[in-house]
Amino acid sequence: MSFLDLKNVTKIYPNGTKAVHETSLSVDEGEFMVFVGPSGCGKSTLLRMVAGLEDITEGDINLDGKLMNEVDPSERDVAMVFQNYALYPHMNVYNNLAYGLKNRGIDKETIEQKVNDAAKLLQISDYLQRKPSMLSGGQRQRVAMGRAIVRNPKIFLFDEPLSNLDAKLRIQMRLEIKKLQQKVGVTSIFVTHDQVEAMTLADRLAVINNGIIEQLGTPIEIYDNPKSLFVAGFIGSPQMNFLDGNLKNKTLSAEGFEIKDIDSDFEGEVTLGIRPEHLSQSENALISLKVELVEQLGSDNLVYGQLKNKKDFCYRCPGNQTIEKGSNLSLNIENNKYYIFDKSTGKRVN
Amino acid sequence: MTRFITSSFSHLILLIGILIMVVPVWMIFASSTHTSSMINMNGLQMFVGDSFYENYLRVLLYQGGFFKEITALKMFFNSFIMATGVAILSVVTSLMAAYALVYYRIKYATLLFWIIFITILVPLELRIFPTYSVMAELNLVNSYFGLIVPISASAIATLFFRQFYKTVPDELLESAKLDGANTWRFFVDFLIPLSKTMIVAMLIFMFVFGYNQYLWPLLVTTSEQYWTVVMGLKMMSGSIVHRFAFVMMSMVPPILIIIVLQKHFIKGVFQDK
């Protein structure tokens with residue numbers, strides 16, 4: 001049994017909404033697990049069930065070999081960082097960090113030691129006497145993490161902690177969280193709807209949709225080998241291009257081109273997925289793109305345009321190429337990196 | 001220029017308002033420092049006389065009532081006990097009632113709250129006989145307990161605390177739970193400190209409410225030993241200057257409470273910002 005074990009966990013709210021469907025998942029000790037999915041997909045509910053803030057309708061949650069279903073949140077030895085930090089507004093930073101320790105009956109000297117260590121680690125030693133209202137967003141974020149670290153919990157839970165920060169600070173805090181987790185080595189679950197955050201932080205990633213884990217794996221596995229249309233569309237930025245097509249006798253006919261010798265016995269309506277970065281320009285290629293807009297990011301150019309059948313399409317090329325608006329590009333798929341999904345079920349078929 | 005005129009005009013109106021409120025009080029005070037023959041001959045006075053100590057001391061220590069058992073000093077003591085008791089008891093019960101209504105999973109909590117709320121529409125006078133008979137059955141007539149308890153359930157304070165608790169974010173409770181706080185600790189360590197300013201405001205409000213009670217103490221006390229200041233205002237006999245002096249003194253405790261607690265009130269408001 002691994003460190004954290006979810007077995008057929010289901011959550012049905014009193015109003016009948018089914019937020020989480022029979023989800024099973026294992027997290028190893030010291031692992032950084034990220035739950036990613038669109039809002040309302042049940043990822044936060046799953047996290048809150050681990051914390052004990054939501055009752056479990058069905059299934060079991062085991063933490064460190066102990067069944068947690070009926071254990072009170074205060075007894076679970078988990079720490080959580082909330083989206084709005086939930087700092088204690090009437091206590092200064094020191095007491096914010098110390099509060100959880102005081103409740104556990106730890107003596108004053110040890111508390112002081114631990115709080116000072118955590119404050120040093122997070123570089124908030126100078127603000128210990130301030131109230132949360134006197135801190136900036138990034139500092140509050142650090143205090144919230146300090147409050148989690150100082151207790152030395154079995155598991156860290158992060159509920160979209162970076163979504164209240166501005167873009168620059170978010171990237172900085174993302175790095176800090178990752179570094180910190182590696183330094184402290186605590187098992188962590190991080191919930192986010194931002195796929196870049198998910199990819200950069202995770203040891204393993206669970207892509208969740210409609211209360212179901214669509215795919216579980218390392219970020220690269222999921223990027224390289226999405227098992228469903230949803231995962232393929234959710235992970236990767238800019239989004240994967242999707243084209244309608246028909247698969248018959250190992251030949252895919254899409255609008256305007258054909259791909260032969262496909263490694264699949266599936267026959268019928270399919271969706272072809274091609275990542276913008278898996279394309280290259282060449283003479284007489286498969287896809288012909290009429291350029292409408294070019295976003296120059298410096299390192300890359302994002303080329304947006306339409307195919308012959310007026311379908312929107314995106315192509316990513318190195319930033320040193322000049323591409324004129326209104327020109328026609330002819331594009332090939334690199335190394336046969338394309339994904340074919342059953343149109344009716346969304347499952348991968350190649 | 002027009003701004004100067006409008007602003008002086010509004011100041012003038014405010015000034016008139018202040019005068020209307022202050023002048024009568026001042027006249028009572030000024031008159032209470034004269035001898036009664038002076039007032040009887042010349043009417044109310046605008047300037048302070050020289051019988052201040054004489055009049056006030058006599059009022060404080062004079063043995064009044066039908067049985068000559070009660071002094072004004074004792075009345076102030078009774079009023080203070082009653083007002084403080086009402087203030088503390090009603091704030092404590094409302095805090096706890098609101099906490100239960102908002103944070104406990106009580107079925108029909110909203111309905112219960114509205115039932116409590118409706119009691120605002122039922123004045124004490126309406127329930128005064130049943131309440132009296134309960135107190136009489138319990139042998140609590142002529143006791144501080146009987147003076148305080150029946151008027152110490154405040155629907156208004158419960159309403160205020162409930163509305164405030166509802167604005168406290170859920171994450172705070174959840175975070176506290178994960179930090180090992182049980183329901184009692186959350187109440188004591190979070191809600192009470194967070195509602196400090198509101199508690200002070202309610203204490204002032206309920207103190208004045210308790211101090212101003214007239215009908216209830218009149219009914220529930222038969223012994224002069226339990227007379228309160230507000231009852232004394234009516235019962236007090238004697239010359240007009242002594243009554244004026246008593247009226248002046250009866251205003252002091254509520255004003256004092258506001259002055260003393262307002263400091264904390266303002267401090268709390270600014271610190272929490």
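What you see below is based on every heavy atom in this structure, not just the backbone, and it leaves out hydrogens, waters and symmetry mates. Every chain is numbered from 1, with letters handed out A, B, ... down the list of sequences.
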Undergrad: More than 12 non-hydrogen atoms from neighbouring residues, nucleotides or ligands closer than 6.0 Å to CD on B:Glu125, yes or no?
TA: yes

Undergrad: Within the supplied structure, the quantity of interest is the number of heavy atoms (other residues, nucleotides, ligands) at a distance under 6.0 Å from A:Tyr13 OH; does it exceed 12?
TA: yes

Undergrad: For a quick test of reading the model, state the closest non-hydrogen atom pair linking B:Gly180 to A:Asn103 and the distance between them.
TA: C-ND2, 3.7 Å

Undergrad: Taking the side chain as C-beta and beyond, is there a heavy-atom pair between B:Asn182 and A:Ser74 under 4.5 Å?
TA: no

Undergrad: Any side-chain heavy atom of A:Arg48 within less than 4.5 Å of one from B:Glu174?
TA: yes

Undergrad: Step through the shown structure and confirm whether more than 12 heavy atoms of other residues, nucleotides or ligands are within 6.0 Å of OH on B:Tyr103.
TA: yes

Undergrad: Checking heavy atoms, do the side chain of A:Leu101, its backbone, both or neither come under 4.5 Å from chain B?
TA: neither

Undergrad: For A:Asn84, is it the side chain, the backbone, both or neither that has a heavy atom under 4.5 Å from a heavy atom of chain B?
TA: side chain

Undergrad: Quick one: does B:Phe190's side chain get under 4.5 Å of A:His90's, heavy atoms only?
TA: yes

Undergrad: With a 4.5 angstrom heavy-atom cut-off, could you sort out which part of B:Asp189 is near chain A: side chain, backbone, both or neither?
TA: both

Undergrad: When you measure from the side chain of A:Arg147 to the backbone N and O of B:Ser175, does any donor-acceptor pair fall under 3.5 Å?
TA: no

Undergrad: Write down the atom of B:Leu172, the atom of A:Pro89, and the distance for their closest heavy-atom approach.
TA: CD1-CD, 3.9 Å

Undergrad: Report which part of A:Met91 has an atom under 4.5 Å of a heavy atom belonging to chain B: side chain, backbone, both, or neither.
TA: side chain

Undergrad: Minimum heavy-atom separation for B:Leu178 to A:Arg104, with atom names?
TA: O-NH2, 3.8 Å

Undergrad: Is it the case that atom CZ in B:Phe187 sees more than 12 heavy atoms from other parts of the structure closer than 6.0 Å?
TA: yes

Undergrad: Just wondering, are more than 12 heavy atoms of other shown residues or ligands nearer than 6.0 Å to CZ in A:Phe32?
TA: yes

Undergrad: Taking the side chain as C-beta and beyond, is there a heavy-atom pair between A:Tyr88 and B:Asp179 under 4.5 Å?
TA: yes

Undergrad: Kindly check if the number of other-residue, nucleotide or ligand heavy atoms within 6.0 Å of NZ (A:Lys120) is above 12?
TA: no

Undergrad: Which region of A:Arg76, side chain (C-beta onward) or backbone (N, CA, C, O), has a non-hydrogen atom less than 4.5 Å from a non-hydrogen atom of chain B, or is it both or neither?
TA: neither

Undergrad: In Å and rounded to the nearest 0.5 Å, what is the CD to CE distance from B:Glu171 to A:Met80?
TA: 8.5 Å

